[in-house]
Every structure is written in structure tokens, then in C-alpha cells.
> 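One structure, as C-alpha cells, below. Some questions next.
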Amino acid sequence: MSPDNPDPERPVDEPERPGPSGATPPPAEPSAQLDPAGTAPSTAYQSSLELSVDEPRRPLRTVATVLGAVLALAVLGVPFGLLWAAFAPDTPVLKTAEGAIYADPQPEQPIAADGWFSLLGLAFGLLVGLALWFVLRRRRGPVGLLAAVLGALAAAPVAWQVGRRIGLATFDRLLATAPAGQAFTKPADLRAGGVDWLLGVLPVPHGNLLLPAFGAAIMYTLLAGWSRWPGLRPEPDLASLSWASAGTPAPPAAPEPPAPGAAEPPRG
């Protein structure tokens, strides 16, 4: 017996004897199942996640997306203002020597104009949040919320100015040329909202002009809270990956029992 040959009955250079007839050694288990491209599952899954999660974080593309959404929603303020002007009633006035006065001492039309703008603005904001949730699927999260709020905030003053100017030229003409005592109507306007200028440069909406942005934030937040994806964006389906669709290898067959009369291998 020696360190190189612990078994004295077996020569050093003698090859391993085969086992019983029909018995094959079980194949070694692979450490990881590879896909047809030769990529491990974890690597393929990680690459797919990087494409779907990290790609939307490019700063320039994110800024361009937000600005584009804000401009598109600001343009949508035009039909919003036309709809408000169609629903909001005009206020009857009388021409006097000092100017126009309300025909009714306590008219309800200005209150109705504010109410219609508030209801339509809130509905507009809810639709904005819902639309951007599906349109900007790859930008869901703070970027999508920012685009929805800023876009609705920009659309509200546009709608106000468009709606209040419908019929305003006729009102100004009658106010300048109509004789005293003549009755006519004043177009709808807001009394519970407007725009203040910060430092004479930055417009700051207030009052019911903030309701569209409020509705957009509420809708977007609710959709984010009900999302079934932790990252808000649809995650890649494991079944769609090539390595996951491959069939699972069958386990190796168990060795067959030795045939009757077969010589048993020598025991050390």
C-alpha cells in the first residue's frame, strides 16, 4: 500500500471497471439551463429588465416627453373652453350712463359659469390622468404624474381665455354704442379663479383654474395605487423569454438491476 495506490489489490494504471450490465452513470446536472442563444436565465431576465426599466430614465428624452405632453394638453384647452362657453349662461345687463349694470340685482348666471367651469375642469383633469396613464406607459411614475399635472394646469387658463372671449367683441361694441336703458348680455367669465403674475413674469393660476390639475393628480395617483406592477410599468413575462419556453430536460433514468448470473464487481 502506498499514497499513490491505496488499494493493494488494484494496479495504479488499471482503468475503472464498468458497473453492471446496462448501468450508466447519471449525467452531471448543469449549473444553469441555457437558452438557445447561450445566455443564462438570470442574464436574459436582467437584460430584459434593464431595457424596460432603465431606458425611460434618459434625461433629455424625459424632458422632451413632459414638454410634448404639456403642449398637447394646452392645445386641448381650446375645445374645453368652447364647451364651457356653450354650457355657461350669459348674464343679462342694462346700459346706463356709468356703464353696464346687472339687470337682476342678484344674478345667478355668474355663479353658474363658475360652477360649470369647475365641473368641466375636474372632468377634464380626470380624463387627462387616465389618458396619460395609458399613452405614456413607459413613463409611468413621477414623470407621468408631472406631465399630467403641468398639462392640465396649462390647459385651464387657455380654456378660460377662449371661453370668455366668445361674444366679448359684441358686448364691448354694445357697451360703447348702445343707448342708456338698452338690455343685452355679458359673456360668461370667472369670478372664483384667475391668474396672478409672480414678479410680473411667472403666471400663477388660482381658484377653480387649479381643479383640472387636481383631477389629473387624483386619477393618476389612484391608477398607480391599483397597479399590479411594483414598478408601475408592465414587466416582461417570463414565458415570453426563449429560455423559459424551452422544455425542461427529463431526469436521468434509474440504473437497471443486474441480470441474473452476472458477476458482481470486486469489493475493495
Side-chain angles (χ1 to χ4, degrees), residues 37 39-81 83 120-162 193-244:
T39 307
S42 59
T43 306
Y45 183 70
Q46 183 178 2
S47 302
S48 179
L49 285 182
E50 289 176 356
L51 289 177
S52 60
V53 176
D54 295 338
E55 183 178 357
R57 296 181 180 176
R58 298 176 182 176
L60 295 180
R61 185 173 296 181
T62 299
V63 173
T65 301
V66 173
L67 292 180
V70 170
L71 291 177
L73 293 175
V75 173
L76 291 179
V78 175
F80 172 25
L83 187 63
L120 293 175
L122 187 60
F124 179 83
L126 294 176
L127 291 177
V128 164
L130 183 64
L132 290 189
W133 176 263
F134 291 102
V135 172
L136 302 180
R137 296 181 62 188
R138 300 176 63 86
R139 308 289 176 175
R140 287 177 182 175
V143 175
L145 179 60
L146 182 65
V149 171
L150 292 182
L153 198 62
V158 174
W160 170 43
Q161 293 298 320
V162 169
V195 176
D196 294 333
W197 291 90
L198 182 62
L199 303 177
V201 178
L202 182 63
V204 180
H206 63 86
N208 49 10
L209 289 181
L210 300 177
L211 284 176
F214 177 75
I218 289 296
M219 175 58 74
Y220 202 93
T221 304
L222 289 177
L223 291 174
W226 292 337
S227 176
R228 63 190 180 97
W229 294 293
L232 302 183
R233 291 179 288 273
E235 297 177 355
D237 188 7
L238 296 181
S240 63
L241 299 178
S242 59
W243 61 267

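Scope of the values below: all heavy atoms of this structure, side chains included, with no hydrogens, waters or symmetry mates. Here the structure is a predicted model, which is why all the values come from computation and not from measurement.
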> Apply side chain to side chain contact (heavy atoms under 4.5 Å, CB included) to residues V158 and V75 and explain how you reach the verdict.
CA-CA 8 Å; V158 174; V75 173; over 6 Å; no
> With A154, which residues qualify under side chain to side chain contact (heavy atoms under 4.5 Å, CB included), at least two apart?
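If we apply the side chain to side chain contact (heavy atoms under 4.5 Å, CB included) test to A154, skipping adjacent residues, the hits are V70, A74.
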> Locate the shortest heavy-atom distance separating L73 from A155; write the atom from each residue and the value.
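Closest pair (atom of L73, atom of A155, distance): O-CB, 3.2 Å.
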> For the atom pair CG (L150) and CG (L71), what is the distance rounded to the nearest 0.5 Å?
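The CG atom of L71 is 11.0 Å from CG of L150, to the nearest 0.5 Å.
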> Between atom CG of L76 and atom CG of L127, what is the distance when rounded to the nearest 0.5 Å?
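Answer for the CG-CG pair, L76 versus L127, is 10.5 Å.
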> Not counting sequence neighbours, which residues clear side chain to side chain contact (heavy atoms under 4.5 Å, CB included) with L130? List them please.
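With sequence neighbours excluded, L130 shows a side chain to side chain contact (heavy atoms under 4.5 Å, CB included) to F134, M219, L223, given in chain and number order.
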> L136 and V143: side chain to side chain contact (heavy atoms under 4.5 Å, CB included), yes or no, with the steps?
CA-CA 9 Å; L136 302 180; V143 175; over 6 Å; no
> Suppose we screen for side chain to side chain contact (heavy atoms under 4.5 Å, CB included). Which residues come up paired with L122, at least two apart in sequence or across chains?
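By the side chain to side chain contact (heavy atoms under 4.5 Å, CB included) rule, L122 matches F214.
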> Could you tell me which residues satisfy side chain to side chain contact (heavy atoms under 4.5 Å, CB included) with A217, sequence neighbours excluded, listed by chain and number?
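Expected list: L145, V149.
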> Give me the atom names and distance for the closest heavy-atom approach of W160 to V195.
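Minimum heavy-atom contact is CZ3-CG2, 4.0 Å.
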> Got a list of side-chain donor-acceptor pairs under 3.5 Å for residues 200-212, not counting sequence neighbours?
none

> Which residues satisfy the ring pair (Phe, Tyr, Trp, His ring centres under 6.0 Å) test with F80, sequence neighbours excluded?
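F80 satisfies ring pair (Phe, Tyr, Trp, His ring centres under 6.0 Å) with F117, F124 once adjacent residues are dropped.
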> Starting at CZ of R61, measure out to CZ of R138 and round the result to the nearest 0.5 Å.
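Atom-to-atom, R61:CZ and R138:CZ are 8.5 Å apart.
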> Going by the side chain to side chain donor-acceptor pair (under 3.5 Å) test, which pairs reach into residues 64-75, not counting sequence neighbours?
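Listed once each, the pairs would be none.
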> Closest heavy-atom contact between A216 and V128?
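The answer is CB-CG1, 4.2 Å.
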